[in-house]
Amino acid sequence: MHPTSLTEWRKLPLGLSELCINTTLRCGQSFRWQHLPDNEEWRCVLYGRFLSLKQDSEYLYYRSTPPPHLHIHAALQHSSHNDVEDPLVRIINHYFNLTPSLTDLYSQWSLSDPNFKKKASQFTGIRILRQDAWEALVSFICSSNNNIARISQMVEKLCAIYGQSVAEIDGRTYFDFPKPERLTGPNTESELRKLGFGYRAKYIYETAQTIAEMREKGWLDGLSNPECPAFGVEPKPSSEMKPEGRDGYREAHEKLLELKGVGPKVADCVSLMGLGWGESVPVDTHVWQIAQRDYRFGKSSSKTLNKTTYDAVANHFRKLWGKEAGWAHSVLFTADLRTFADKLAATKKVDVKVEETKSEVMIETDVSTAIALKMPKEDVDVKVKVEDIDEAVKTPKGKKRKESDGIIHAAHTTETRRISKRLRR
DNA sequence: GGCTTACCTAGTTG
DNA sequence: ACAACTAGGTAAG
């Protein structure tokens, strides 16, 4: 394939508190975005179309390859508008779920939940993506007992082997996500095992088989929230909200559980990020820890996360945060991720001096602000005194961290290592 | 219904 | 170097 040309950057007015791609694309919702650290650019393929993004405090910048003629997603061709509306804008609005006002939602959640208010100021602009349901389903089957780095690797391999080549830019080929039919071959399971999918190989193969051969066409997308349908489908009103979620959400969740490798947590991830059900609250190990630590769970309820406890936690958060509980959940979940732990650790006590080498202007800030401002890492020289870190992180000396509140301390230990490593170079 | 255990593997930890 | 452990769970008993 020839190197593909890129269009000029175009821009959309959009504040960082309405969308922060640097956080949203790294918090474990989508596993396919490529991050180019040089200029903080993000690249991916959506609906068969290559897309590149970057952002500053006022605008979201986007560019793509010239409009394709043949291999275009069907929904794009049915552009019923006479206005020459940029198809990329439609894709961006849909994928990033840009219709609801995120700042309004944040103030709503802050009003009803002091803990949210406390954490949220460091984690603004986190949106729930409206991803393709099939891609979300496969991605989250991969996520079981796994870490974000490896999930991303696996999804990437899946696209490279089974997906269609869409563009070649800077020597890298970009692929679309393969349809279920591409994964129903008799050797798929063993191929996936060779690619390092482990026991998930069987789940993916069997689920692809089920959807391709045992379900009506459009079955999965048909489980979508009518208010937030698949790309290119007209929105319709949805049913009324209930404590356990709307009827359509309950039904989607139940149907997803019939698929191999799909338990309650994966079903909720797909419902939330792939089917547009905002009340879906995936309760994973992090959320369970958060519920026990910050929301008084764990005393009366059982020690392990069984089905009853799962529903109790999810219902509690739905009651607390309302119809878009899953969006709020994602903010707290992100705050708890190790990748982002430095935001909280740093702002607590570490005073980090950041020197922007380009302008040679010295500013004092914490790591969190530096990240929030999205200073290119290469342009930022972070200087931290080791005593400050030790003082701030208070690395525990006890060997058995697991017994107590292990998660926090473990995160701090990791963070200490990470910063020390950075200092050594 | 609630609780255990096995399941793949890349990367990290001690 | 190298064994043990960890990471967005699920299925089966």
Side-chain angles (χ1 to χ4, degrees), chain A residues 24 26-31 126 128-129 131 136-158 189-207 210 253 256-274 280-291 298 300-314 317 326 329-341 395-403 406-407 409-418 420-421:
Chain A
T24 301
R26 282 195 303 149
C27 69
Q29 290 194 57
S30 170
F31 302 94
I126 300 175
I128 292 296
L129 301 171
Q131 303 183 61
L137 175 57
V138 175
S139 302
F140 285 106
I141 287 177
C142 291
S143 78
S144 85
N145 216 338
N146 208 347
N147 58 70
I148 293 180
R150 180 151 83 112
I151 301 165
S152 306
Q153 260 190 134
M154 288 159 66
V155 174
E156 184 57 41
K157 280 182 193 170
L158 189 79
E189 185 186 336
S190 64
E191 287 165 7
L192 288 176
R193 274 192 177 266
K194 277 178 204 155
L195 290 173
F197 281 66
Y199 59 83
R200 303 163 196 84
K202 190 180 201 175
Y203 296 159
I204 292 170
Y205 167 68
E206 291 189 2
T207 291
T210 303
H253 194 270
L256 288 169
L257 287 180
E258 294 170 5
L259 302 169
K260 282 292 168 60
V262 179
K265 190 266 173 181
V266 171
D268 269 323
C269 286
V270 177
S271 299
L272 178 64
M273 303 160 203
S280 175
V281 180
V283 182
D284 53 40
T285 137
H286 285 148
V287 177
W288 175 228
Q289 300 281 355
I290 292 169
S300 55
S301 53
S302 71
K303 183 70 187 157
T304 55
L305 188 53
N306 56 48
K307 180 64 181 149
T308 312
T309 316
Y310 186 105
D311 290 337
V313 171
F317 285 131
H329 135 279
S330 182
V331 176
L332 293 194
F333 170 83
T334 304
D336 237 47
L337 274 182
R338 288 193 177 186
T339 326
F340 296 96
T395 308
K397 294 190 174 142
K399 289 150 198 167
K400 295 272 178 184
R401 298 194 305 272
K402 242 183 185 174
E403 257 68 274
I407 292 243
H409 289 184
H412 285 175
T413 311
T414 310
E415 178 57 14
T416 311
R417 278 173 179 274
R418 202 175 68 75
S420 310
K421 203 179 284 179

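Order of the sequence lines sets the chain letters (A, B, ...), proteins ahead of strands, with each chain counted from 1. In this text the structure is predicted, and so the values were computed from the model without any measurement.
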So what does [X] hit on the nucleic acid, given a heavy-atom distance under 4.0 Å: a base, only sugar-phosphate, or nothing?
| X | result |
| --- | --- |
| Ile151(A) | nothing |
| Cys27(A) | base |
| Pro264(A) | sugar-phosphate |
| Gln29(A) | base |

Are [X] and [Y] close enough that some pair of their side-chain heavy atoms sits under 4.5 Å apart?
| X | Y | value |
| --- | --- | --- |
| His253(A) | Pro264(A) | yes |
| Ser152(A) | Glu156(A) | no |
| Leu195(A) | Met154(A) | no |
| Asp284(A) | Leu305(A) | no |
| Lys260(A) | Tyr205(A) | no |

Measuring only the [atom1] atom in each nucleotide, how far is [N] from [M]? A whole number of Å is fine.
| N | M | atom1 | value |
| --- | --- | --- | --- |
| dG13(C) | dC8(B) | P | 15 Å |
| dA6(B) | dA4(C) | P | 16 Å |
| dC3(B) | dA7(C) | C1' | 22 Å |

Between [N] atom [atom2] and [X] atom [atom1], what is the distance in whole Å?
| X | N | atom1 | atom2 | result |
| --- | --- | --- | --- | --- |
| Phe31(A) | dA7(C) | CZ | P | 15 Å |
| Trp288(A) | dG2(B) | CH2 | P | 12 Å |
| Asn306(A) | dT10(C) | CG | P | 14 Å |
| Met154(A) | dA7(C) | CE | P | 17 Å |

Check: By side chain to side chain donor-acceptor pair (under 3.5 Å), which residues pair with Lys202(A), not counting sequence neighbours?
Finding: none
Checklist line | Distance in Å, Thr207(A) OG1 paired with Leu259(A) CG, rounded so as to fall on 0.5 Å steps | finding: 5.0 Å
Checklist line | Stems formed with participation of DNA chain C [Watson-Crick or G-U wobble, under 3.5 Å, three or more pairs] | finding: B:3-7 with C:9-13, B:9-14 with C:2-7
Notebook entry, point to check: Nearest nucleotide by nearest heavy atom, which residue falls closer to the 5' end of DNA chain C, Ser143(A) or Leu259(A)?
Noted result: Ser143(A)
Checklist line | Residue whose nearest DNA chain C nucleotide is more 5′ - Val262(A) or Asp284(A) | finding: Asp284(A)
Next item on the list: Verify the contact: side-chain N or O of Thr308(A) to OP1 or OP2 of dG2(B), cut-off strictly under 4.0 Å; return yes or no.
Entry: yes
Margin query: Checking Thr309(A) against Asn306(A) for the side chain to side chain donor-acceptor pair (under 3.5 Å) test, could you report, in this order, the C-alpha distance in whole Å, the side-chain angles of both residues, the deciding distance, and whether it holds?
Written below: CA-CA 5 Å; Thr309(A) 316; Asn306(A) 56 48; 2.8 Å; yes
Check: So, Ser143(A) versus Asn146(A): side-chain donor-acceptor pair below 3.5 Å or not?
Finding: no
Check: When every nucleotide of nucleotides 6-11 of chain B is labelled 5' to 3' by its protein contacts under 4.0 Å (heavy atoms), B for base, S for sugar-phosphate only, - for none, what sequence of letters results?
Finding: -BBBSS
